[in-house]
Amino acid sequence: MKVQSLKGFRDYLPEEMLQKDRMLDSVRQVFERHGYPPLMTPALEYSDVLLGKYGDDGEMLLYRFRDHGDRDVAMRFDLTVPLARVLAEHGEITFPFRRYQIAPVWRAEKPARGRFREFVQCDVDLVGVDSAAADAEMLVVGTAVMDQLGIEGYQIRVNHRGILAALCRLVGLTQTGEVAFLRLLDKLDKIGADKFRSQVGEIPGIDPAGVDRVLGTVLEAPEDSRQVLEHLSTTIGNDSVAAEAIARMEAVQVLLEASGIAASCRIDPSIARGLSYYTGLVYETYLDALPGFGSVMSGGRYDGLLGMFLGKDVPAIGISLGIDRLFAALKELDLLDSRTQPADVMVAQFSEELAGASFGAAAQLRRAGIHTLVYPREVKLKKQLQYAQKAGIPFVIVIGGDEQKAGTVQFRSMEQGQQEELSLTEAIEKIAQTRCRDAK
RNA sequence: GUGGGUGUAGCUCAGUUGGUUAGAGCGCCAGUUUGUGGUAUUGGAGGUCGAGGGUUCGAGCCCCUCCUCCCACCCCA
């Protein structure tokens with residue numbers, strides 16, 4: 001037997017899981033604070049439900065097999081297509097429909113740094129509304145998540161499919177070649193203008209005359225979002241689709257400014273995601289410190305996808321956060337909360353005879369809502385304190401013979417190295433005051 | 001999936017032109033005389049050298065195959 005987890009799949013040991021759960025709690029809180037309730041769907045879907053939604057490339061990455069009833073099934077590849085299935089299957093749902101879903105998805109890709117075959121996505125979607133308010137709301141939620149996670153130095157780069165369509169038209173592409181062109185455009189800042197020019201020339205049907213205008217539009221885009229919009233309307237504003245996109249982004253920009261998050265969102269005409277089903281706004285989030293790590297949170301407007309099951313177009317917009325990638329990034333940057341124990345306080349076990357006193361105190365602490373751990377056997381105090389210190393437990397309570405007689409406890413702050421004799425009630429108050437656990 | 005690298009104690013790594021019982025630091029465990037941590041000090045446990053085959057009198061070191069992880073391409077959360 002090979003004792004090894006599958007390639008691209010990973011374990012989270014308790015210490016890491018505590019950190020990951022703290023992140024997930026934050027994400028959940030932010031979603032609910034913005035009025036989104038949770039949805040849960042199965043890990044497995046009929047293959048038909050998932051097939052034909054991700055393009056040929058995506059389809060090859062599905063984990064697909066036959067179950068014991070010989071049903072052709074596949075593991076969910078994302079959370080958006082299952083959402084579409086739910087909307088089509090449950091006629092009682094009315095719009096606008098909001099939901100969030102935090103769940104693992106599976107993709108049989110080649111694993112790499114920050115890329116796994118099993119990873120948890122955190123999705124919020126707003127279905128049934130096509131408006132600047134809906135667009136802006138996604139960015140409001142997205143920035144709130146990043147802020148709640150304590151992440152400084154990130155940028156949500158925002159674009160619109162209408163801009164991309166106009167750029168394609170500049171080089172004479174309408175349908176064929178668009179995908180190849182947009183892929184190159186997406187890599188523009190990586191490969192540079194010269195490589196872009198030479199590689200773009202190989203796309204069949206391309207009109208080289210427009211390439212410089214595209215480069216001018218993208219490369220000369222200013223930093224400031226407002227200025228980008230002005231720049232875009234002078235360069236491609238005569239294109240009616242682009243004009244519409246610019247107008248929408250202007251309306252969104254007003255709401256971002258009103259929300260105080262405009263600084264975190266930057267309009268960037270080279271963001272080309274949305275090769276599959278995106279129809280309007282698209283966005284990707286990069287960490288300033290790890291630009292090569294890939295997007296940690298992205299999404300966009302997809303007004304056509306839900307119609308595949310419903311038989312009519314339903315506008316929708318969503319955003320998806322990859323918690324495992326973000327976790328890996330924060331770990332690399334050493335930005336994760338270092339606490340490795342959920343306990344606020346450890347009650348030492350002074351002696352076997354006094355174990356009862358420790359258990360009694362622990363019971364009272366827990367009744368007061370304090371996360372409490374009792375050292376599980378009688379060893380010298382030195383050992384017990386060492387354990388508390390290594391585990392990052394901030395307080396230790398010792399009840400020895402003297403304390404038991406006096407009805408008190410020794411209350412020690414591990415961080416400050418100070419100790420005082422208190423009543424248990426006083427100790428409980430002290431812990432409740434100082435601990436900085438997030439309120440549930 | 002393609003190309004390049006990598007793989008030695010729990011972790012980070014050393015290991016000389018192939019030559020006897022494979023090392024260090026950190027971590028772990030136990031002491032430094034018995035009611036208290038982070039420092040110091042002493043001792044200890046722990047490795048079929050990624051797996052399998054081959055060359056050789058002899059392989060951690062050379063060759064082949066497979067696997068892992070890393071980097072690039074590709075794609076994405």
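A, B, ... follow the sequence lines: proteins, then strands. Residue 1 opens every chain. All values derive from a computational prediction rather than experimental measurement.
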Non-neighbouring partners of A:E16 that pass salt bridge (charged side-chain N to carboxylate O under 4.0 Å, His left out), sequence neighbours left out: A:R10, A:K331

For A:F77, ring-ring contact (aromatic ring centres under 6.0 Å, His included) partners two or more places apart: A:Y54

Contacts of A:R85 that satisfy salt bridge (charged side-chain N to carboxylate O under 4.0 Å, His left out) - sequence neighbours left out: A:E45, A:E89

Whole-Å C1' distance, B:C73 and B:C11: 32 Å

Helical stems, RNA chain B - three or more consecutive Watson-Crick or G-U wobble pairs below 3.5 Å: B:1-5 with B:69-73, B:10-13 with B:23-26, B:28-32 with B:40-44, B:50-54 with B:62-66

Distances for protein N/O vs nucleotides 1-3 of chain B N/O pairs under 3.5 angstrom?
residue	atom	partner	partner atom	Å
B:U2	O4	A:K110	NZ	2.7

ring-ring contact (aromatic ring centres under 6.0 Å, His included) partners of A:Y387, counting only residues at least two apart: A:Y375

With sequence neighbours excluded, residues passing salt bridge (charged side-chain N to carboxylate O under 4.0 Å, His left out) with A:E403: none

Nucleic acid contacts of residues 377-384 of chain A, taken as heavy-atom distances under 4.0 Å to RNA chain B: A:K380, A:L381, A:K382, A:K383

Which residues share a ring-ring contact (aromatic ring centres under 6.0 Å, His included) with A:Y154, sequence neighbours left out: none

Inter- and intrachain pairs under ring-ring contact (aromatic ring centres under 6.0 Å, His included), touching residues 29-48 of chain A, at least two apart: A:F31-A:Y100

Distance, P atom - from B:A9 to B:G47, rounded to whole angstrom: 11 Å

Euclidean distance, A:L255 CG relative to A:L139 CG, rounded to 0.5 Å: 10.0 Å

Among B:C29, B:U36, B:C76, the nucleotide that comes nearest once only the side chain of A:E109 is considered: B:C76

Listed partners of A:D324 passing salt bridge (charged side-chain N to carboxylate O under 4.0 Å, His left out), at least two apart: A:K20

Pairs satisfying ring-ring contact (aromatic ring centres under 6.0 Å, His included), at least one member in residues 169-197 of chain A, at least two apart: none

